[in-house]
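Just so we're clear, the structure is a prediction, and the values are computed from it rather than from any experiment. Chain naming here is simple, since letters A, B, ... match the order of the sequence lines and numbering starts at 1 in each.
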Number of protein chains: 2
Amino acid sequence: MEFKPLEINERLPYLLRRENIARYEGGKVIIGDRRAYPFERLHVTCDSVEQVAEAIRTMVTQGGGSWVAASYALAMLASQERRKPKERLRQILNEATERLKGTRPTSNHLHRLVERALKAGLLALENGEDVEAGILAWLEAKRDDIHIRSARMGQYGADMIPDGAGILTMCFAETAFLLGLVFARDQGKTLRVYVPETRPYLQGARLTAPSIHELGIEAVLITDNMPGYVVSEGKVQVFFTGADLVTLDGHVVNKVGTYQNALVCRQHGVPFFPYCWEPDHKHPGRESIFIEERDPADVRQARGAATTLEEIQAYYPAFDITPPQFVSGVITLHGIISPYDLARYFGEGVIADA
Amino acid sequence: MEFKPLEINERLPYLLRRENIARYEGGKVIIGDRRAYPFERLHVTCDSVEQVAEAIRTMVTQGGGSWVAASYALAMLASQERRKPKERLRQILNEATERLKGTRPTSNHLHRLVERALKAGLLALENGEDVEAGILAWLEAKRDDIHIRSARMGQYGADMIPDGAGILTMCFAETAFLLGLVFARDQGKTLRVYVPETRPYLQGARLTAPSIHELGIEAVLITDNMPGYVVSEGKVQVFFTGADLVTLDGHVVNKVGTYQNALVCRQHGVPFFPYCWEPDHKHPGRESIFIEERDPADVRQARGAATTLEEIQAYYPAFDITPPQFVSGVITLHGIISPYDLARYFGEGVIADA
């Protein structure tokens, strides 16, 4: 099936629609505020690169929203500084790119895409064309491309869902996963998705469950200690997540909790399919993975309410690593590939750049 | 090693000391309020059976505190009604016992012990002795006995802890487990206990972590999606929990999350030891286990703060079942018994009644 980008956008829930992730309007960057969702549907309006950088740093947006906001910020800057001499404008854009990359020091994804936005702008500058327009043209084409490719991946995922399936997920697996649910429903299948709340930041409770519910698909919120019981009761037939990174040898790095859920699924014969465009060539194996530790204070609270005493020590590893023996297949741009065969499919270098 | 009950009491943290669980003072029952802990150290003072029953029902106390509060309530009632004719007093005490049992319809433990308190009172009544004093004498002897037996179980547990161990637990495993930590420390071992917060009621964060910290033992709070990562990193050498119930064939029923943690531990060669006085003869196997489902609204909040929209469906199974192949041994009154051999050790009927 072929999709048009705008048709895909209309199938998505509020949170993932292009206009709500981030948009460029009246010379300002308007970013959907994921911190307020689902309780409020707010946007943050930025008229400087610094404001956009701060919005990204403070988690106004995250995941697939960061590079969009950052790229719009470069377009806005190009417009604001359009009267500057060419060499000066080049320098300004380069500095802004570094500032925007610094908001997520370890996100290759953000770094690669904001550099592509810069490249589009500098090419326009070189050719004596409008820099703002050059960046925007690249950006909208890229957003189209991402939606079309996500829809293709969603179709692969939908085919892995049996009719009447219970589905387990973790954290917020975004567009391809949600499209997979929509397409499975289009195929006439009934579904129920068990959504662990994903402490401490509660992306499952705040983002995933409301988004699935908005699509008219049954979402059942559970706490992070319940997947083992739910799966052991036979309520789950397939486990899907996103992946922050997949190594060339098939290790899946994703939100902490993914690994223990994958263990539970293996024990009960439930397949696990992470969505990931392609493996990361910078990581041949797990040895080079650095698991980010976040502020332990986040573990001592839930939605701002203290859960224990301030003097209690806490530990907040943000991600974990699921080895390939627990992965049934990685849902990539090129189909569902065995975690053991990724290097052969993707060994020649970066194919997609999103 | 032999212990005197009062020495044991002094080794315990605030929450588990006899006077803070519940006491009988000036003709009133004073119950430690576990809902307020650790943020406040409050007590609820009751001067009627109805007030004590409501305190138990509304979770002022729980676990090993319920039967103590209920038994003191019977002693208080016997004193209040001491001028009533013998037959009328017997009837009043019987009715009160039923009311107190009704606060936890599925707790065999509470039912058995409050019936023992009633029996002690009725025996005194039969013999023309003071009923209040009869119940109190039984109750204090029982509390002594529980502390002495818990200390013995704690010694078995302490011997399973290697020096420098990382320990995983779940929920609030109470006296025997905490004494096990104290004794291991007495043996000169250094310990660190990883405490999952135990959503949605957060007993790990609120009760377990502060209690271990108060004992001067290192407690590290994590969220319920982190044990898999923590264990996979080699940080854990032994996993201890309490158990709400162990079947005669070695299935362990405990707070939801225990099962998935046991799976993780098995995968990484970490032994799992639940503390349980003895198996439950009413349950030869898992078939007769009914897993209580609690109010789904509890899953949509954390410490009173909403985590998702009200219209999102949720599911709250309170317990799970860990099969014997994941259990390294059950720490019982008679030592650490293989889950496969419980029926032989305990097959003749109830040995202890607490």
J.: Between N225(A) (side chain) and T198(B) (backbone), is there a donor-acceptor pair under 3.5 Å?
T.: no
J.: Out of curiosity, D224(A) CG to D224(B) CG, how far, rounded to the nearest 0.5 Å?
T.: 6.5 Å
J.: Using a 4.5 Å cut-off on heavy atoms from C-beta on, say whether the side chain of Q267(B) contacts that of R266(A).
T.: yes
J.: Between V220(B), V299(B), T307(B), T322(B), who has the most heavy-atom pairs with chain A when the cutoff is under 4.5 Å?
T.: T307(B)
J.: Taking all non-hydrogen atoms of both residues into account, name the closest pair between A305(B) and A302(A) and its distance.
T.: CB-O, 4.4 Å
J.: Give, for atom CG of L202(A) and atom OG1 of T223(B), the distance between the pair rounded to the nearest 0.5 Å.
T.: 9.5 Å
J.: Using side-chain heavy atoms (C-beta onward) and a distance below 4.5 Å, is P200(B) in contact with M226(A)?
T.: yes
J.: For A306(A) and F39(B), work out which heavy atoms get closest and say how close.
T.: O-CZ, 3.5 Å
J.: Below 4.5 Å from any heavy atom of chain A, which atoms of P227(B) appear? Answer side chain, backbone, both or neither.
T.: both
J.: Can you establish whether the number of heavy atoms outside E310(B) located under 6.0 Å from its atom CD is more than 12?
T.: no
J.: Is chain A contacted by the side chain of F326(B), its backbone, both, or neither, given a heavy-atom distance below 4.5 Å?
T.: side chain
J.: Set out, in order, the CA-CA distance, both residues' side-chain angles and the distance that settles side chain to side chain contact (heavy atoms under 4.5 Å, CB included) for Y316(A) and I222(B), then state yes or no.
T.: CA-CA 7 Å; Y316(A) 183 0; I222(B) 57 177; over 6 Å; no
J.: For each of E218(A), E197(A), R303(A), Q260(A), tally heavy-atom pairs with chain B at distances under 4.5 Å, and name the one with the top tally.
T.: Q260(A)
J.: With a 4.5 angstrom heavy-atom cut-off, which part of F319(B) approaches chain A: side chain, backbone, both or neither?
T.: backbone
J.: With a 4.5 Å cut-off on heavy-atom pairs, point out which of R300(A), Q301(A), H213(A), K255(A) contacts chain B the most.
T.: H213(A)
J.: Output the option from I212(A), V264(A), L207(A), L309(A) having the highest count of non-hydrogen pairs under 4.5 Å with chain B.
T.: L309(A)
J.: Sort out for me which of G257(B), G304(B), A262(B) touches chain A most, counting heavy-atom pairs under 4.5 Å.
T.: G257(B)
J.: At a heavy-atom distance under 4.5 Å, which candidate from I321(A), D320(A), T308(A), V230(A) has the highest pair count against chain B?
T.: T308(A)
J.: Using side-chain heavy atoms (C-beta onward) and a distance below 4.5 Å, is R199(B) in contact with P196(A)?
T.: no
J.: What part of A209(A) gets closer than 4.5 Å to chain B, counting heavy atoms only: side chain, backbone, both or neither?
T.: both
J.: Taking non-hydrogen atoms and a cut-off under 4.5 angstrom, which of residues 231-252 of chain A neighbour chain B?
T.: S232(A), K235(A)
J.: What part of Y315(B) is in contact with chain A, defined as an atom under 4.5 angstrom from a non-hydrogen atom: side chain, backbone, both or neither?
T.: both
